[in-house]
Amino acid sequence: MHPLLRTVLQRLGLGLITLFVVSLIIFSAIEFLPGDFAKAILGQAATPETVEAFQKEIGLDKPPVERYLNWIGGILQGDFGSSFSSRVGFRRTVLDIIAPRLWNTLFLAGITALVAVPLALGLGLMAALYRNSFFDRAINAATLTTISFPEFFVAYILMLFLAVQLRWFPSLSNVSADMPFFERLERSALPVLTLTLVIVAHMMRMTRAAIIGLLASPYIEMARLKGVSPGQVILRHALPNAWAPIANVVAFNLAYLVVGAVVVEVVFVYPGIGQAMVDAVRSRDIPVVQACALIFAVTYILLNLLADIISIATNPRLLHPR
Amino acid sequence: MSELEHKLQLATRLAGKGKVSRRDFIQLAIAAGFTAAAGNAMFVKAVRAEPKKGGSARFGLAHGATTDTLDPVGYPDTFTQCAFWGALSNSLTEIDAKGNVVPDLAESFEPSDGAKKWVFKLRKGLTFHDGKTVTADDVVNSFRHHMGPDSKSAAKSLLEPITDIKSDGPENVVFMLKDGSADFPYLVSDYHIPIMPTKDGKSDWQSGVRTGPFTLDKFEPGVSAKLKRNPNYHKSNQPYLDEVEFIAITDVAARTNALTTGDVDWIGRADLKTLDLLKRNPDVEILELSGYGHYVLPMNTTMAPFDNNDVRTAIKYAIDREEIQKKIFLDHATVGNDNPIAKAVKYSVDPEPKYTYDPDKAKFHLKKAGYETLKVDLSVADAAFAGAIDAGVLIKETAAKCGIDVNVIREAEDAYWDNVWLKKPWCASYWSGRPTVDWTMTITYAAGAAWNETFWNNKRFNELMLQGRAELDEAKRAAIYAEMQQLVHDDGGVIVLVFNNFVTANSKKLAHGDVAPNWENDGLKIAERWWLA
């Protein structure tokens with residue numbers, strides 16, 4: 001078997017075990033949530049009878065072990081269960097609630113990644129190339145400033161200047177499924193910009209540090225001595241060896257785009273999965289909370305797996321262990 | 001009145017109907033002695049005042065969640081209420097801007113047998129959005145949707161007094177009640193009881209086919225609801241708008257921004273802290289209405305020391321409501337006088353004496369009750385109303401000067417209604433208010449009511465309530481209700497801190513008539529009643 005394939009399979013296996021543990025944690029943690037869905041949804045109108053009728057209907061009267069097995073068994077068959085907001089004769093599956101939201105979040109994360117990753121890598125390479133110059137200092141200061149502010153603050157500042165005063169972009173990012181692509185892009189512009197500002201610093205600084213770390217190596221000096229231009233030294237000699245740490249940081253930030261964008265979603269009223277989860281927690285819609293938490297766990301595990309694979313594939317020493 | 005002024009008045013009326021051009025109007029205004037700018041302003045005002053058809057509007061609401069459904073057993077907040085009741089549906093009756101009950105789907109309603117039997121007659125030629133005729137059976141099923149032992153409806157207790165409903169021919173619906181109730185037509189105006197079509201013998205709420213001014217175009221739970229004008233609506237003049245969209249914007253800063261950038265034309269629950277800044281915007285109109293909703297601190301009248309009315313009265317005098325109104329509600333509330341009936345409600349009175357902050361009177365009543373000093377617990381959480389904790393702290397300060405040591409306990413917001421409300425002797429609570437005296441009193445102050453949060457049991461009050469319910473003579477009812485309000489004020493265990501104002505903001509592109517205060521957002525019917533200026 002090809003060593004790379006074997007590593008991938010190994011990691012996938014480990015990922016599945018992690019996922020199983022995470023599912024246990026999610027399920028038991030939610031058992032400890034105070035309050036009760038029936039009471040949360042009925043509010044002042046909750047009388048013992050209506051609450052009991054509700055609990056029976058959504059299966060909350062069964063023991064936890066049975067509910068866990070039902071839940072996990074359903075997920076293995078692609079069924080995340082029904083939302084507690086279902087009614088007799090009207091089933092609202094968790095998938096119905098989550099799928100469009102997940103798609104919106106992936107769209108936002110995807111566009112942000114398309115902007116932020118090349119930007120961060122480019123800036124990092126430039127900063128490494130012209131290190132300690134005015135450009136390096138300026139770019140460092142600027143990205144550190146944007147990462148240091150809380151993201152809602154960055155979001156409100158952008159909204160104030162770009163949406164309220166200059167009117168370049170809409171302040172509401174309420175995208176919907178049937179929206180034409182470019183309108184969707186325009187509506188998402190401010191959240192994308194905010195998220196980009198928040199994640200660029202991390203990736204850019206890691207790129208810069210990884211490359212500068214390598215520039216002191218003897219083989220780089222060799223390349224320089226044989227007359228390779230500084231740009232070529234960084235691109236062809238330093239960068240291939242710097243991929244591993246960069247890939248890790250990029251993966252970490254991409255995962256953040258999927259699971260951590262909830263504040264930005266709320267500020268711009270972007271219908272993403274983070275908002276769906278907050279809604280569900282507020283109304284104790286447990287199946288939705290569980291599914292969201294599981295999706296977040298999968299995102300982290302998959303992206304980290306991808307980063308591992310990239311760092312192995314780009315490193316001959318890891319690829320061909322003796 | 002000079003001839004010119006008379007002409008100008010006529011022109012104002014015509015301008016409203018779009019029959020006078022701006023140029024002609026201003027020329028006339030200048031001739032009558034106004035400046036051109038004043039003439040222009042008068043023209044704009046005249047044009048805005050007259051409803052016009054057409055156009056679309058987007059409403060930014062402070063609520064909306066992924067758990068929202070079209071099922072009226074829920075409708076937990078303004079999103080579902082405005083979109084799926086106010087815009088999509090109708091009840092048998094509705095409440096107008098003056099607080100009177102008026103026919104909606106029902107053309108008329110008649111009581112008999114001491115208001116124990118009510119017959120509602122449906123309008124002729126009423127149709128649902130799909131063209132089917134609305135029959136009395138549809139109405140019966142729409143009510144049954146909330147009734148019965150398996151019902152999880154929030155309107156279940158509301159409909160408890162109904163012993164039987166049946167149809168009498170295709171147009172008449174007959175309600176039989178346990179006791180006489182002169183206010184029954186108000187009760188059926190509730191937003192939980194839209195009339196829905198029947199499918200397989202049951203009410204069909206899933207399809208969203210209703211009778212309302214708008215038909216459902218698109219609904220994404222927790223995001224938005226889009227509706228289009230119903231061309232066959234039973235009110236010939238309304239609605240004015242062709243299309244409306246309700247957008248869920250729970251973040252208050254995002255809501256404000258959406259209004260200022262023109263992404264929405266109207267926002268609910270405007271941010272009180274930045275309201276003065278928003279007022280400076282010349283394109284924005286702020287609307288503030290004192291509604292029926294109120295924030296209360298109920299004392300359990302069966303538990304010591306609150307079982308002594310002098311203790312209750314002492315506490316009523318030991319609270320500086322003016323200060324709370326100013327500091328916590330930032331002047332966007334109306335001070336309460338321990339009468340839960342809002343001024344806008346028919347038969348409302350303002351009982352004497354007024355409870356104002358008065359340490360001497362508080363001490364006097366405390367002494368009468370046999371206490372020199374008193375220590376009481378007050379359980380609060382912002383789940384009851386935003387500002388409840390701060391109000392508690394202010395009360396502690398003012399009460400201390402009256403010899404009352406208030407120990408403010410900050411309770412957990414989660415499960416506040418389970419563990420604190422109706423359980424702790426003194427806590428914070430809120431009521432969105434009901435449109436009649438009887439309704440409010442029945443659900444919160446009658447002995448044995450499920451939500452009688454003060455556990456108050458006043459014999460005279462309970463007798464009066466039964467009398468008032470069946471009394472059809474206006475003057476006698478007014479006297480009965482005045483006495484009941486006085487009793488709650490003098491003897492009851494409730495402290496009505498303030499009536500909360502509904503504060504909304506809208507772009508001046510939108511115009512409206514008199515705004516109903518019975519519920520938020522023009523009685524939840526903003527989509528039907530507002531128009532583009």
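Here the structure is a predicted model, which means the values were calculated and not measured. A, B, ... follow the sequence lines: proteins, then strands. Residue 1 opens every chain.
- Here the closest heavy-atom approach between residue A:N174 and residue A:M179 is recorded as O-CE, 3.8 Å.
- Remark: the backbone N or O of B:Y75 is paired with a side-chain donor or acceptor of B:Q81 at under 3.5 angstrom.
- Looking at B:H63 and B:D68, their side chains never bring a donor and an acceptor atom within 3.5 Å of each other.
- For B:I247, the part lying near chain A is the side chain, with the backbone staying farther off; criterion is any non-hydrogen pair under 4.5 Å.
- Ranked by non-hydrogen atom pairs under 4.5 Å with chain A, the options B:G60, B:P221, B:G222 are led by B:P221.
- In this pair, A:Y68 and A:F27 present their aromatic rings perpendicular. The plane angle is above 60°, beyond the 30 to 60° band.
- In this structure, a donor-acceptor pair under 3.5 Å is absent between the side chains of B:S89 and B:Y191.
- Chain A is approached within less than 4.5 Å, heavy atom to heavy atom, by B:N257, B:A258, B:T260, B:T261, B:D263, B:V264 from residues 256-265 of chain B, ordered by number.
- Below 30°, between 30° and 60°, or above 60°: for B:W431 and B:W451 the angle between ring planes is between 30° and 60°, a tilted geometry.
- Judged as a side chain to side chain donor-acceptor pair (under 3.5 Å), the pairs with a partner in residues 99-109 of chain A (not counting sequence neighbours) are, in order, A:N104-A:R184, A:T105-A:E265.
- Residues B:D217 and B:L227 have side chains not in contact (no heavy-atom distance under 4.5 Å, counting atoms from C-beta outward).
- Annotation: salt bridge (charged side-chain N to carboxylate O under 4.0 Å, His left out) contacts of A:D279 (sequence neighbours excluded): A:R282.
- For B:S429 and B:E453, the side-chain atoms include at least one donor-acceptor pair closer than 3.5 Å.
- Contacts between residues 188-199 of chain A and chain B, defined by a heavy-atom separation under 4.5 Å, are made by no residue at all.
- At a 4.5 Å heavy-atom cutoff, the contact between B:T66 and chain A is made by backbone and side-chain atoms alike.
- A perpendicular orientation is assigned to the rings of B:F79 and B:F84, their planes being inclined by more than 60° (bins at 30° and 60°).
- For a residue to count as touching a neighbouring chain, one of its non-hydrogen atoms must lie under 4.5 Å from one of that chain's; by this rule A:L172 touches chain B with backbone and side chain alike.
- With a threshold of 4.5 angstrom between heavy atoms, A:V269 approaches chain B through side-chain atoms but not through N, CA, C or O.
- The two atoms that bring A:S176 and B:E220 nearest to each other are CB-OE2, 3.2 Å, heavy atoms only.
- With a 4.5 angstrom heavy-atom cutoff, A:Y156 touches chain B only via side-chain atoms.
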